[in-house]
Amino acid sequence: MDNAKIARFFEETAEILEILGENPFRVRSYLNAARAVRDLNRNAAAAAKAGEDLTAIPGIGESIAAKIGEIAATGRLKYLEELKEKIPPQLPSLLRISGLGPKKVKLFHEKLGIDSIDSLEKAAREGRLDGLEGVGEKTVANLLKAIGNRRKGEGRFRLDAGRAAAETVIAHLKKTPGVDRLVAAGSIRRWSETVGDVDILAVGKPGGPVMEKFTGHPEVEQVLAKGQTKASVRLDGGLQIDLRLLPADQYGAALLYFTGSKDHNVALRKLAQEKGLKLSEYGVFRGKKSRAGREEKECYRSLGLEWIPPELRENRGEIEAAANGKLPRLVELENIRGDLQMHTTATDGANTIAEMAEAAAGLGYEYIAITEHSRAVRVAGGLDETALTKHFKEIDKVNRRTRKITVLKGVEVDILADGGLDLKDRFLAECDLVVASVHSRFNLPEGEMTRRLVKALRHPRVHILGHPTGRLILDREPYGFDLDEVFKVAREEGVILEINAHPSRLDLNDIHARMAGEKGVKLCVNTDAHSTAGLEMMTYGIHIARRAWLTGKSIVNTLELKALLKTLR
DNA sequence: GCCGTTTTCGGCCCGACTGTTTTCAGTCG
Ligand SMILES: Nc1nc2c(ncn2[C@H]2C[C@H](O)[C@@H](COP(=O)(O)OP(=O)(O)OP(=O)(O)O)O2)c(=O)[nH]1
Ligand SMILES: [Mg+2]
Ligand SMILES: [Mg+2]
Ligand SMILES: [Zn+2]
């Protein structure tokens, strides 16, 4: 069982305990444990079965270690099953209505027998909530709105959508008097693969007109909150925007706070406590006296830490590394010398080879690889050996015409259901670059899928495993297979694992790419571009690589062409 | 439930905004 699934057991446990009115710190322990498992650099179930002492992992103690053992052995958690007996199955879903927390859910359930969103809405409409302790007219009205929003499908958004929305809002606020600076913070600044909302920090005099301007944006559907330093709105389409306003001399502390992550903040604040300091969005303080606040760097330094790049701020070991001067030198976009997966008009792309080459040269690249789909990928117009051979002649022509960039003859060969490849070995031997990826039969049993991938990895002509898990963000789950085994074989065979940079994929993800890097597996960051504009998605992949703690060393498309070709051979 | 070069018990990040409240609880960032 993968770590994310195990984490879900503890998250569900936490939700039910919360509704039952348990000690909030105990609830938090379950949430911390869930996170610890999710972020673990190895499979927790496998580790438990192998007899590893899981209590060595921070956030996991005797009780939860035993529960992981139980889940690993039986696939079930008795404690959770018993808890589920105590409340209606739909009740925890009420926690996802914004403004509703465990206290009110408990109240509604106990006093009125509410057991679902439907029954809650009905009770609210019939006026049965009025008169309950702490519930007035406005509470009910807000609740009904929140239920409506929930129904319309509030949820998380892809990072690219979040970044676009942030730009729009920042442009809207830009020229407001009294605003010196605007910057996107939160999960957007950390480059999380999805964002729950858009967080924007404004620097300026408190009490200025920026709050009005913000809540007056034409796309604002609902003002959720509005105070002196902080406002939240919901836009048409359901995206929430949070704005925080602070003065310039607290910019660093404010940005630190608003960038998060929450877990990073909590860990920093705990560290500050241990040093006799206090950290908040207003600065680092000893007693009433401010020690830092204007710049992030200064805040970190006052806590004895190096400045931590936002992509690492997930409380996954970065604070300890920063304390010991052990932060990695993360890969940067400028280190990238080429792009090793893209498509052209020969299949489902929108631009020609020459146009892709020209655009890539414009990005400063030394090389690209054209990697059309093979014939099994019918929907994309995949090519057979004859068509690909002809296509390679076109690539030769482009190479003869330009000196600016080298175009490699590649292919994205489909991995068939049995792990065989969709093109003949003799043809593959003639390619400069072979990317192999799965595009069908995603629901094979885990063991079969692992064998399928391993067989492809063992194929002597395969250089890169493309979009290794097949997930589509917010759309399709990764197919199930033994990740550790795939990493092991990739390393043995010298096969490079892709970080697909397209914002709908980001596959491998940050956690998995980090695991791969730690195991000595080589990676590359490719855009899988289907147009010249698609080449610019590289930045998303690079930031995922950074979130994976990767340096340029483990990423092959930072190599010069000669060195790359040698690695491929 | 977890954790400990000041603790094995008694803490657990710190603050803004709202609604219903007369001093604050709940929820959220
Ligand atoms: N100290 C502290 N900071 C918090 C807490 N919750 C949120 N923050 C800070 C860190 C977050 O990155 C930032 C923005 O909050 P969000 O709820 O929008 O979270 P974030 O953007 O990280 O993730 P998201 O994609 O929006 O779910 O505010 C908290 O409980 N304590
Ligand atoms: Mg956010
Ligand atoms: Mg937010
Ligand atoms: Zn593909």
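Note on naming: letters A, B, ... go to the chains in the order of the sequence lines (proteins, then strands), and numbering restarts at 1 for each one.
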Looking at every strand, decide which applies to [X] at a 4.0 Å heavy-atom threshold: base, sugar-phosphate, or nothing.
X        : result
A:Val27  : nothing
A:Leu268 : nothing
A:Pro102 : sugar-phosphate
A:Ser232 : nothing

Exercise. Does the side chain of A:Asn32 reach to within under 4.5 Å of the side chain of A:Ile60, using non-hydrogen atoms?
Worked result: no
Exercise. Going by heavy atoms in the side chains, are A:Lys106 and A:Leu20 under 4.5 Å from each other?
Worked result: no
Nearest-Å distance once atom [atom1] is located in both [N] and [M]:
N      : M      : atom1 : answer
B:dT7  : B:dC2  : C1'   : 14 Å
B:dT22 : B:dG15 : P     : 26 Å
B:dG4  : B:dT8  : C1'   : 8 Å
B:dT27 : B:dT20 : P     : 13 Å
B:dC17 : B:dC12 : C1'   : 24 Å
B:dG1  : B:dT5  : C1'   : 24 Å
B:dG11 : B:dT23 : P     : 26 Å
B:dG26 : B:dT21 : P     : 13 Å

Nearest to the side chain of [X] - [options]?
X        : options                : value
A:Arg28  : B:dC13, B:dC17, B:dC28 : B:dC13
A:Tyr257 : B:dC14, B:dG29, B:dC13 : B:dG29
A:Phe25  : B:dT27, B:dG19, B:dG1  : B:dG1
A:Lys226 : B:dG15, B:dT18, B:dG29 : B:dT18
A:Thr229 : B:dC12, B:dC17, B:dG1  : B:dC17
A:Asn142 : B:dG29, B:dG19, B:dT27 : B:dG19
A:Ile64  : B:dG1, B:dT27, B:dG15  : B:dG1
A:Tyr30  : B:dG1, B:dA16, B:dG26  : B:dG1
A:Ser29  : B:dG29, B:dT18, B:dC2  : B:dC2
A:Arg26  : B:dC17, B:dC13, B:dG1  : B:dG1

Exercise. Do A:Asn149 and A:Arg234 get their side chains close enough for a donor-acceptor pair, meaning under 3.5 Å?
Worked result: yes
For this session: Tell me yes or no: between the side chains of A:Thr55 and A:Asp53, is some donor less than 3.5 Å from an acceptor?
Result: yes
Take atom [atom1] of [X] and atom [atom2] of [N], then tell me their distance rounded to the nearest Å.
X        : N      : atom1 : atom2 : value
A:Asn23  : B:dG1  : CG    : C1'   : 8 Å
A:Arg96  : B:dT27 : CZ    : C1'   : 16 Å
A:Glu22  : B:dC2  : CD    : P     : 13 Å
A:Phe214 : B:dC17 : CZ    : P     : 13 Å
A:Leu271 : B:dT5  : CG    : P     : 13 Å
A:Lys230 : B:dC14 : NZ    : P     : 16 Å

Exercise. Roughly how far apart are A:Leu508 CG and A:Arg471 CZ, rounded to 0.5 Å?
Worked result: 9.0 Å
Problem set entry | 5' precedence on DNA chain B between A:Ala267 and A:Arg244 (nearest-nucleotide basis) | A:Ala267
Problem set entry | A:Trp307 and its side-chain hydrogen bond (donor to acceptor under 3.5 Å, both in side chains) partner, picked from A:Glu295, A:Glu298, A:Glu296 | A:Glu296
